[in-house]
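Below is one structure; the comments refer to it alone.
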Protein chains: 2
Amino acid sequence: MQSEEEISNFLKSIETRCFKTTKRSFFKGETITTYLEKRNQLCILLTGEADLIRYDFNGNKTIIGQFSNNSIFGEALYPANTNNELFVLAKTNCDVLFFSYDNLWIKCKQNCSFHKEFSEQINKLIISQVVELNTRIELLTKKNIRDKLLSYFDILSSKKLSKTISIPFTFTDLADYLSVDRSAMTRELSHLIEEGFIEKKGKKITLLYE
Amino acid sequence: MQSEEEISNFLKSIETRCFKTTKRSFFKGETITTYLEKRNQLCILLTGEADLIRYDFNGNKTIIGQFSNNSIFGEALYPANTNNELFVLAKTNCDVLFFSYDNLWIKCKQNCSFHKEFSEQINKLIISQVVELNTRIELLTKKNIRDKLLSYFDILSSKKLSKTISIPFTFTDLADYLSVDRSAMTRELSHLIEEGFIEKKGKKITLLYE
DNA sequence: AAAAATCTGTTGCGTATGCAACAAAAATAT
DNA sequence: ATATTTTTGTTGCATACGCAACAGATTTTT
């Protein structure tokens with residue numbers, strides 16, 4: 001498999017050929033898409049960061065997904081939605097590639113190599129998305145905040161091959177990602193420090209165990 | 001896209017051609033695979049049911065995934081694992097198709113139509129797996145048991161287009177799926193009944209609201 | 001450089017929920 | 001048909017965690 005970067009370059013170089021793709025830029029704060037009756041649309045985040053937000057009927061806001069470089073999203077990847085509304089919101093300025101889900105399957109008349117490669121790359125992205133989702137589920141199924149944090153640190157640590165890691169987003173967002181209350185999480189972080197499990201300096205965390 | 005059934009039939013009819021696939025049957029209780037250094041292997045459950053089980057370092061067992069007809073799984077779809085061991089355990093007798101992840105990408109010399117169709121079907125399965133995973137995350141990110149249950153019921157209800165639904169697994173398993181304590185969940189179910197939100201008769205639930 | 005917005009850490013309080021234990025019911029195995 | 005295992009419902013207890021509120025630090029905007 002190619003590197004992240006190669007895939008990234010391929011996606012950025014795409015121009016509409018045998019089927020239609022659209023690129024659009026969004027400013028921070030704009031709504032990129034809603035998950036409501038666009039079942040055919042797939043989106044890839046080329047640059048920037050975006051959140052998938054749920055407002056439930058009480059108006060409570062939850063971040064249920066966080067997207068960054070090469071994240072693939074869109075209603076086609078979501079359960080047909082019932083009660084609550086889902087939005088994808090640009091957290092920073094973003095460039096997004098849109099295309100129709102069907103183009104992944106429909107063979108183009110010319111059987112052009114571009115179309116083939118495109119499908120392949122998208123499928124690879126989807127697979128890495130599956131890994132991401134499984135990672136998150138792995139964390140969400142831990143029964144308490146401490147285990148969620150430690151598992152999360154472990155994952156980062158084994159990715160970077162280092163006991164010192166840097167949290168890639170704000171602690172507020174981390175709490176959302178782990179689906180716990182922010183203040184409760186901060187409390188637990190303090191306990192972990194007191195008990196000598198970790199050291200913390202801003203977003204730098206050092207694991208002291210093992 | 002074809003129906004579930006068509007995909008199912010296609011998969012069952014697979015015989016090794018331009019690359020190697022293996023079919024094997026497992027008895028209830030057998031270990032189908034472990035997530036440990038088989039990064040290349042993908043598995044599809046042709047018949048039966050299986051659970052993805054995590055044992056953490058305390059020996060605590062958690063069901064972190066549940067597989068049934070046409071579920072696709074395998075370490076390739078999982079974060080490189082660090083601390084705890086993952087097993088896929090046959091919950092009933094199972095038939096499983098194994099093949100190498102690489103075969104999804106490598107173009108076979110003959111460019112045979114079988115290989116093409118195979119890749120396509122697998123990619124569709126993976127996409128439906130993404131929908132499944134997103135469904136679960138949607139549920140896991142709800143902040144309390146009541147909301148988890150009601151959302152779960154809603155999803156089932158809108159799938160079946162009926163206010164009366166049938167839980168497709170035991171309540172013990174449902175608790176695992178929602179990652180809550182079983183007794184706490186039963187307690188919450190009782191409350192929902194008392195307060196007139198639902199009716200319950202065994203695994204049949206009727207939603208009384210809206 | 002000042003003003004505004006967001007992020008972070010802390011704490012008190014109440015409660016939702018995890019845990020353990022048990023008995024009855026249901027399902028499965030012998 | 002009987003025995004064994006699994007599932008289900010219930011309840012008491014303890015506590016982990018969500019919530020609200022606030023102040024200081026940090027970042028972003030103007």
Side-chain angles (χ1 to χ4, degrees), chain A residues 27-29 48-49 51 53 56 58-63 66 89-93 139-150 166-195 198-205, chain B residues 27-29 48-49 51 53 56 58-63 66 89-93 139-150 166-195 198-205:
Chain A
F27 290 114
K28 177 179 173 176
E49 287 173 35
D51 287 334
I53 309 251
D56 63 22
N58 307 319
N60 287 342
K61 172 185 162 181
T62 316
I63 300 178
Q66 310 193 3
L89 265 170
K91 212 163 74 170
T92 65
N93 293 351
L139 295 171
L140 289 174
T141 53
K142 302 274 169 168
K143 29 203 163 339
N144 56 44
I145 296 182
R146 170 165 299 207
D147 286 353
K148 284 182 182 179
L149 282 171
L150 291 179
S166 178
I167 308 294
F169 32 54
T170 67
F171 285 95
T172 306
D173 283 352
L174 178 56
D176 266 312
Y177 180 72
L178 299 177
S179 197
V180 298
D181 180 72
R182 185 195 59 81
S183 69
M185 190 186 82
T186 316
R187 187 195 289 141
E188 195 57 43
L189 276 170
S190 305
H191 292 163
L192 285 171
I193 294 166
E194 279 170 34
E195 297 175 37
I198 62 170
E199 253 169 20
K200 173 175 182 304
K201 209 163 195 178
K203 294 207 163 78
K204 283 246 174 307
I205 305 255
Chain B
F27 289 114
K28 177 178 174 178
E49 288 172 36
D51 287 334
I53 309 254
D56 63 22
N58 307 318
N60 287 342
K61 172 186 163 182
T62 317
I63 300 178
Q66 310 194 0
L89 264 170
K91 212 163 72 171
T92 64
N93 292 351
L139 295 171
L140 290 175
T141 53
K142 302 273 168 166
K143 34 209 156 335
N144 55 44
I145 296 182
R146 170 165 299 207
D147 285 353
K148 285 182 182 178
L149 282 172
L150 291 179
S166 179
I167 309 295
F169 32 54
T170 67
F171 285 94
T172 306
D173 284 351
L174 178 57
D176 266 312
Y177 180 71
L178 299 177
S179 197
V180 297
D181 180 72
R182 185 196 59 82
S183 71
M185 190 186 83
T186 316
R187 186 197 289 138
E188 195 57 43
L189 276 171
S190 305
H191 291 162
L192 285 170
I193 295 167
E194 278 170 34
E195 297 175 35
I198 61 169
E199 254 168 19
K200 173 175 182 303
K201 208 162 197 179
K203 294 205 164 77
K204 283 247 173 306
I205 305 255

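A, B, ... follow the sequence lines: proteins, then strands. Residue 1 opens every chain. Fair warning: this is a prediction, and the values are worked out from it, not measured in the lab.
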Value in whole Å for how far the C1' atom of dA16(D) lies from CG of L178(A): 16 Å
Give a yes or no answer on whether the side chain of N93(A) reaches the backbone of K28(A) with a donor-acceptor pair at less than 3.5 Å. yes
Output the residues of residues 179-188 of chain A in contact with DNA chain C, where contact means a heavy atom of the residue under 4.0 Å from an atom of the strand; sort by number or write none. R182(A), S183(A), T186(A), R187(A)
Atom CG of L192(A) and atom C1' of dA16(D) are separated, to the nearest Å, by 14 Å
With a non-hydrogen cut-off below 4.0 angstrom, is K148(A) in contact with a base, only sugar-phosphate, or nothing? nothing
Nucleotides 24-30 of chain D: protein proximity per nucleotide (B base, S sugar-phosphate only, - neither; heavy atom, under 4.0 Å): ----SS-
Spacing of E194(B) atom CD and H191(B) atom NE2 [to the nearest 0.5 Å]: 5.5 Å
Rounding to the nearest 10°, end axes of the helix from dA1(C)-dT30(D) to dT30(C)-dA1(D) built from five pairs each make an angle of 70°
Taking T141(B) for the side chain and S179(A) for the main chain, is one N or O donor matched with an acceptor at less than 3.5 Å? no
Residue closer to the 5' end of DNA chain C, K143(B) versus T170(A) (nearest nucleotide): T170(A)
So I145(B), base contact, sugar-phosphate only, or nothing? Heavy-atom distance under 4.0 Å. sugar-phosphate
Nucleotide dC17(D), atom P - distance to CG of D176(A) in whole Å: 17 Å
Protein-nucleotide distance (L189(B), atom CG; dG9(D), atom P), rounded to Å: 7 Å
For D181(B), the side-chain hydrogen bond (donor to acceptor under 3.5 Å, both in side chains) test, sequence neighbours excluded, returns S183(B)
Interatomic distance, D173(B) CG vs dT6(D) C1' [rounded to whole Å]: 11 Å
Chain A footprint on DNA chain C, 5' to 3' - any atom under 4.0 Å from a heavy atom: dC7(C) to dG12(C)
Stepwise, does the side chain to side chain contact (heavy atoms under 4.5 Å, CB included) test hold for D176(B) with Q66(B)? CA-CA 9 Å; D176(B) 266 312; Q66(B) 310 194 0; 4.2 Å; yes
Considering residues at least two apart in sequence or located in another chain, which fulfil the side-chain hydrogen bond (donor to acceptor under 3.5 Å, both in side chains) criterion with E195(B)? R146(B)
Let me know the distance between CG of L89(B) and C1' of dT6(D), rounded to the nearest Å. 16 Å
Does the side chain of F171(A) reach to within under 4.5 Å of the side chain of D173(A), using non-hydrogen atoms? no
